[in-house]
Amino acid sequence: CRASRGSHVTPVGKDDLPIHGVAEVLVGVLGGGQLGRMLCQAASQMAIKVMVLDPQENCPASKLAYHHMVGSFDDSATVQEFAKRCGVLTVEIEHVDVETLEKLELQGVDCQPKASTIRIIQDKYLQKVHFSQHDIPLPEFMQIDDLEGAKRAGDLFGYPLMIKSKRLAYDGRGNAVAKSEDELSSAVTALGGFDRGLYVEKWAPFVKELAVIVARGRDNSILCYPAVETIHKENICHIVKAPANMSWKIRELATDIASRAVSSLEGAGVFAVELFLTKDDQILLNEVAPRPHNSGHHTIESCYTSQYEQHLRAVVGLPLGDPSMKTPAAIMYNLLGEDEGEPGFHLAHQLIARALCIPGATVHWITQYLYYLYCGRNAKATEDGSYHHCWTFHGQCRKAPGFNVI
Ligand code: ATP
Ligand code: MG
Ligand code: MG
């Protein structure tokens with residue numbers, strides 16, 4: 001029936017992409033998490049079929065994808081098999097088998113963004129080296145191979161000192177802070193030891209964390225979404241305020257740095273650039289994600305083109321859409337809920353009902369996650385062009401049972 005998902009997959013070649021005049025394409029996404037799911041939602045309006053590769057049988061994207069191939073995006077044979085069926089290959093997670101992507105590119109497989117970009121980004125140290133070579137401002141950093149090296153870094157950069165794993169990091173897992181030299185050893189142990197591949201960053205005394213989503217088309221055209229403020233709780237993005245409340249000058253600086261960072265990478269798609277704003281108005285780059293990002297969920301409701309639609313437009317070669325906001329301001333709360341069967345899960349619908357009492361609020365319920373979004377209508381511009389936000393509610397969000405809207 002019209003609503004059913006396709007079980008057979010017709011390979012669509014590179015020459016059949018819309019830029020060559022064919023209306024329908026098959027986009028392969030490595031990863032089927034919440035971002036993959038939202039890509040499927042956007043694709044459903046665009047005559048684009050999304051196929052996902054994810055090891056989890058009931059991954060968030062599985063029900064919405066045109067086809068879900070159950071398998072690891074970190075396994076070479078599986079990625080090769082998956083790639084054969086897709087017109088263009090993209091990612092919703094950067095921790096994929098990049099050697100295989102490089103091999104596939106040599107065989108003519110169309111990866112967007114390019115494997116070279118994934119290689120740089122999936123190793124945070126390599127990422128830092130790359131951006132410093134492109135004159136992007138960053139916290140100072142250095143590789144550490146042993147305790148002596150870590151002590152030298154501490155002497156150089158001072159404390160607190162941020163120690164990071166080079167690879168496989170997300171949600172702050174892979175970061176440890178040493179407040180003094182005495183804590184170096186335990187911080188390194190907590191990260192799994194030097195064999196894991198570690199480096200350190202000088203502590204960035206930020207007053208705000210910002211993010212800019214940058215879209216790049218296949219023709220290298222670049223468009224930036226308005227810079228947002230991100231507030232983390234236990235290293236997980238908790239609140240996003242869009243646009244960030246700051247002067248035009250800082251906004252321009254953040255956008256320029258984000259755009260230059262993305263220009264130094266190869267391939268099409270949306271990229272999220274995480275930034276620190278320091279008290280002396282410096283912008284430093286934290287890291288880049290080569291894919292849609294949780295700081296951009298609000299774009300679904302608050303921008304003319306959502307980051308998901310934009311990513312699909314970019315990778316298949318359609319014209320990029322307008323990234324500007326159609327509401328004066330938006331706020332997103334990321335609520336970590338509970339899995340089906342866990343205590344508190346049954347409260348999901350009560351929570352959703354409460355969230356929907358707020359005019360303009362939208363809920364995105366994604367298995368474990370509840371996105372709660374308010375597109376405010378009462379933000380006004382001040383004389384210097386910055387926004388003064390009048391947030392009309394404050395949320396206190398914890399595990400689902402503690403959720404409370406004031
Ligand atoms: P994500 O889930 O965004 O991928 P991650 O695991 O890659 O996170 P980072 O983005 O490197 O981790 O760091 C997580 C958080 O730690 C940052 O958002 C910021 O709050 C803090 N942080 C990271 N680097 C520094 C630094 N050099 N100085 C101070 N705080 C930092
Ligand atoms: Mg990261
Ligand atoms: Mg981060």
Side-chain angles (χ1 to χ4, degrees), residues 31 33-35 91-96 117-132 136-144 150 153-154 156-179 183 187 190-192 196-214 227-241 244 254 258 261 265 270-280 282-297 307 332 334 336 368-369 371:
Q34 49 176 297
L35 301 169
V91 296
E92 63 111 56
I93 180 167
E94 50 276 22
H95 307 303
V96 298
T117 295
I118 309 290
R119 178 175 282 287
I120 292 166
I121 284 177
Q122 67 178 206
D123 180 329
K124 283 185 170 181
Y125 177 72
L126 203 61
Q127 200 186 130
K128 291 268 150 44
V129 171
H130 171 88
F131 288 129
S132 67
I136 304 293
L138 304 163
E140 289 177 70
F141 65 98
M142 69 187 264
Q143 179 168 306
I144 51 168
L156 206 59
F157 298 155
Y159 292 90
L161 187 65
M162 178 60 91
I163 310 179
K164 294 192 179 183
S165 298
K166 291 180 175 179
R167 302 172 67 84
L168 296 173
Y170 68 98
D171 286 349
R173 297 175 211 190
N175 291 358
V177 180
K179 293 200 202 80
E183 289 185 12
L191 292 178
R196 173 111 188 254
L198 303 179
Y199 78 101
V200 296
E201 285 180 16
K202 188 171 177 173
W203 190 257
F206 60 83
V207 289
K208 271 184 188 164
E209 285 193 78
L210 308 173
V212 179
I213 307 267
V214 180
V228 300
E229 180 181 351
T230 58
I231 298 167
H232 293 79
K233 195 162 111 182
E234 291 161 16
N235 284 303
I236 297 177
C237 180
H238 178 48
I239 298 175
V240 173
K241 294 177 179 181
L265 300 166
V270 299
F271 300 75
V273 184
E274 298 179 11
L275 303 161
F276 299 126
L277 171 63
T278 64
K279 68 172 185 308
D280 54 348
Q282 268 190 70
I283 296 281
L284 303 173
L285 182 142
N286 174 26
E287 61 167 344
V288 174
R291 52 168 169 82
H293 193 248
N294 53 13
S295 68
H297 289 316
Q307 64 165 349
M332 187 212 65
N334 186 14
L336 288 189
Q368 305 105 305
Y369 298 98
Y371 291 107

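For the single chain, residues carry numbers from 1 onward in sequence order. None of these values were measured; they are calculated from a predicted model. Every number for a ligand or one of its atoms is a count from 1 in the order of the listing.
Among all protein heavy atoms, the one lying closest to atom 2 (O) of ligand 1 is D171 N, 2.7 Å. The protein heavy-atom contact nearest to atom 28 (N) of ligand 1 is A204 N, 2.8 Å. Ranking protein heavy atoms by distance to atom 24 (N) of ligand 1, first place goes to K164 NZ, 3.0 Å. Protein heavy atom in closest approach to atom 4 (O) of ligand 1: E287 OE2, 3.0 Å. Of the protein's non-hydrogen atoms, F206 CE2, 3.6 Å is the one closest to atom 30 (N) of ligand 1. The shortest contact between atom 22 (N) of ligand 1 and any protein heavy atom is with M162 CE, 3.5 Å. The protein heavy-atom contact nearest to atom 27 (N) of ligand 1 is E201 OE1, 2.9 Å. In terms of protein heavy-atom proximity, atom 15 (C) of ligand 1 is closest to N235 OD1, 3.6 Å.
Ring pair Y125/F141 is perpendicular by interplanar angle, where above 60° counts as perpendicular and below 30° as parallel.
Between A272 and I213 the shortest heavy-atom distance is CB-CD1, 4.0 Å. N294 and L35 get closest at one heavy-atom pair: N-CD2, 4.5 Å.
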Subject >> Full working for salt bridge (charged side-chain N to carboxylate O under 4.0 Å, His left out) between K124 and E201 >> reply: CA-CA 11 Å; K124 283 185 170 181; E201 285 180 16; over 6 Å; no
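Evaluated by nearest non-hydrogen atom to atom 20 (O) of ligand 1, the leading choice among H232, E140, E209 is E209. Considering R173, H293, K124, Q127 only, the shortest heavy-atom separation from atom 5 (P) of ligand 1 involves K124.
In this structure, E183 and L161 have side chains that are not in contact, with every pair of non-hydrogen atoms separated by 4.5 Å or more. Side-chain contact check for K164 versus Y199: some heavy-atom pair is nearer than 4.5 Å. Contact annotation: the side chain of L198 approaches that of S165 to within less than 4.5 Å [non-hydrogen atoms, C-beta and beyond]. Two residues are said to be in side-chain contact when any heavy atoms from C-beta on lie closer than 4.5 Å; I93 and Y170 fail this criterion. Side chains of V240 and H297 form no contact here, defined as non-hydrogen atoms less than 4.5 Å apart.
The proximity of T230 to ligand 1, defined as any non-hydrogen pair under 4.0 Å, does not occur for either the backbone or the side chain. Only the backbone of K202 comes within 4.0 Å of ligand 1, judged by heavy-atom distances.
Test I121, I120, I136, D123 against H130 for side-chain contact (heavy atoms from CB on, under 4.5 Å) and you get one pass: I120. For the side-chain contact (heavy atoms from CB on, under 4.5 Å) with L275, the qualifying choice from L284, N286, V212 is V212, the only one to do so.
An angle of 100° is found at the Mg ion (ligand 3) between E287 atom OE2 and E274 atom OE1, rounded to 10°.
Using a 4.0 Å heavy-atom cutoff, G174 is absent from the residues neighbouring ligand 1.
Annotation: P139 places no N or O atom under 3.5 Å from an N or O atom of ligand 1; distance criterion only.
Distances below 4.0 Å separate heavy atoms of E274 from the following atoms of ligand 1: 3 (O), 10 (O). Set against the non-hydrogen atoms of N175, the atoms of ligand 1 under 4.0 Å away are 9 (P), 11 (O), 12 (O), 13 (O), 14 (C), 16 (O).
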